[in-house]
Amino acid sequence: MDRIVISVFGAPVYLTTAFPDGSTPAELFARRLAELSGIDGFEHPPIAIGGELSANERGVVETVPGFSDWEAHFGFGGEAALIYRHLHDVLETGVEQLLVLRLDAPFFDTRQARDLVDLHRRSWCDYTFADGYPVGFTVEVVRRDVLPVLGDLAAAGQLRWKPGVLFETLSRDINAFDIETQAAPDDFAGIRASFTVDTRQNYLLCRRLAEYT
């Protein structure tokens, strides 16, 4: 039994700002999330977790289709250590792997997400990610049992819950973890594109992408 975890890093207004076809990033994210429901072993509902949200931010998050069915956990002073530990504690017995998504990434690739889950399960590793892709295109997979260790590492580094925090936490003692990587066929990292809607610049990039998909 495994679970999908949705990382929430605030709630930018662009999450509900429509693209030219009328769809919003929140709606596109929800559609892709629904496409993951068929992955064997993953239980519904997903867990949304993040730091402190203002009333306005909470209102934005609640507009995501299907949010009312999610398990939502926000607060913890934005401290990554507390979030890792809380997530470990609220997961039911038997959960082994977590598929981690970003709420502000409406164009994450569902097929690649399935591939990463398969790679992670075959390798039985601690953490699996895709390298060389634009930010927001890929997901992460982490083993539930390493969450307490991540909590300790985050506490030692006083890490905040922010984009990239999972890999940043692992990097504090990276040789202690068994990590698998799926490399992009071409290295897109150099273009510094981010298919997220956390800033106006990134939203406009996603808006252009939406016109071609």
Side-chain angles (χ1 to χ4, degrees), residues 4-37 46 48-54 56-67 70 74 78 80 98-117 127-142 159-171 181-213:
I4 293 174
V5 174
I6 301 169
S7 293
V8 180
F9 306 110
V13 296
Y14 302 109
L15 198 62
T16 54
T17 303
F19 293 133
D21 66 354
S23 63
T24 66
E27 291 168 345
L28 293 182
F29 175 87
R31 291 176 199 168
R32 283 171 167 75
L33 177 62
E35 292 175 14
L36 297 179
S37 62
I49 197 160
E52 305 288 346
L53 296 180
S54 68
N56 287 339
E57 288 177 321
R58 178 74 186 225
V60 170
V61 172
E62 289 177 353
T63 67
V64 180
F67 174 82
W70 301 357
F74 303 123
L98 305 176
L99 175 59
V100 184
L101 318 175
R102 282 183 60 163
L103 179 61
D104 58 4
F107 292 105
F108 73 87
D109 188 289
T110 56
R111 183 172 61 181
Q112 188 191 59
R114 293 171 182 271
D115 290 343
L116 286 179
V117 168
Y127 174 71
T128 303
F129 73 109
D131 189 33
Y133 291 91
V135 175
F137 184 79
T138 66
V139 303
E140 300 166 287
V141 190
V142 65
L159 301 184
R160 308 293 295 173
W161 193 253
K162 61 184 187 298
V165 66
L166 181 51
F167 188 77
E168 181 183 1
T169 308
L170 287 155
S171 296
T181 306
Q182 183 185 81
D186 295 297
D187 190 354
F188 299 100
I191 65 175
R192 300 185 181 279
S194 181
F195 294 123
T196 56
V197 293
D198 52 338
T199 67
R200 181 176 184 275
Q201 178 180 347
N202 291 338
Y203 167 79
L204 292 176
L205 177 63
C206 287
R207 182 183 174 92
R208 291 296 301 273
L209 180 61
E211 294 175 356
Y212 295 99
T213 57

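Model, not experiment: these values are computed from the prediction.
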task: Just jot down the side chain to side chain donor-acceptor pair (under 3.5 Å) partners of Thr110, sequence neighbours excluded, or say none.
output: Glu35
- request: Verify whether the ring centers belonging to Tyr203 and Phe19 lie closer than 6.0 Å.
  value: yes
statement: Heavy atoms of Pro65 and Trp70 approach each other most closely as O-CZ2, 4.4 Å
field: From CG (Leu116) to OG1 (Thr138), nearest 0.5 Å
entry: 7.0 Å
- request: For Asp109, check salt bridge (charged side-chain N to carboxylate O under 4.0 Å, His left out) against everything at least two apart and list the hits.
  value: none
- prompt: Going from CZ on Phe67 to CD1 on Ile6, what distance comes out if it is rounded to the nearest 0.5 angstrom?
  reply: 9.0 Å
Pairwise side-chain contact, Tyr133 with Gln112, heavy-atom cut-off 4.5 Å (strictly under): yes
query: Would you call the rings of Phe195 and Phe107 parallel, tilted or perpendicular if under 30° counts as parallel and over 60° as perpendicular?
result: perpendicular
task: For Glu27, check side chain to side chain donor-acceptor pair (under 3.5 Å) against everything at least two apart and list the hits.
output: none
message: What's the separation between atom CD in Glu140 and atom CZ in Arg102, rounded to the nearest 0.5 Å?
response: 9.5 Å
query: Would you say the side chain of Arg31 lies within less than 4.5 Å of the side chain of Ser23, judging by non-hydrogen atoms?
result: yes
- request: Tell me, yes or no, whether the heavy-atom count around Glu211 atom CD, taken from other residues, nucleotides or ligands under 6.0 Å, exceeds 12.
  value: yes
message: So, taking the atom named CG in Asp104 and the one named SG in Cys206, what distance separates them when rounded to the nearest 0.5 Å?
response: 9.0 Å
query: Say you draw a straight line from CZ of Arg160 to CZ of Phe9; how long is it, rounded to the nearest 0.5 Å?
result: 13.0 Å
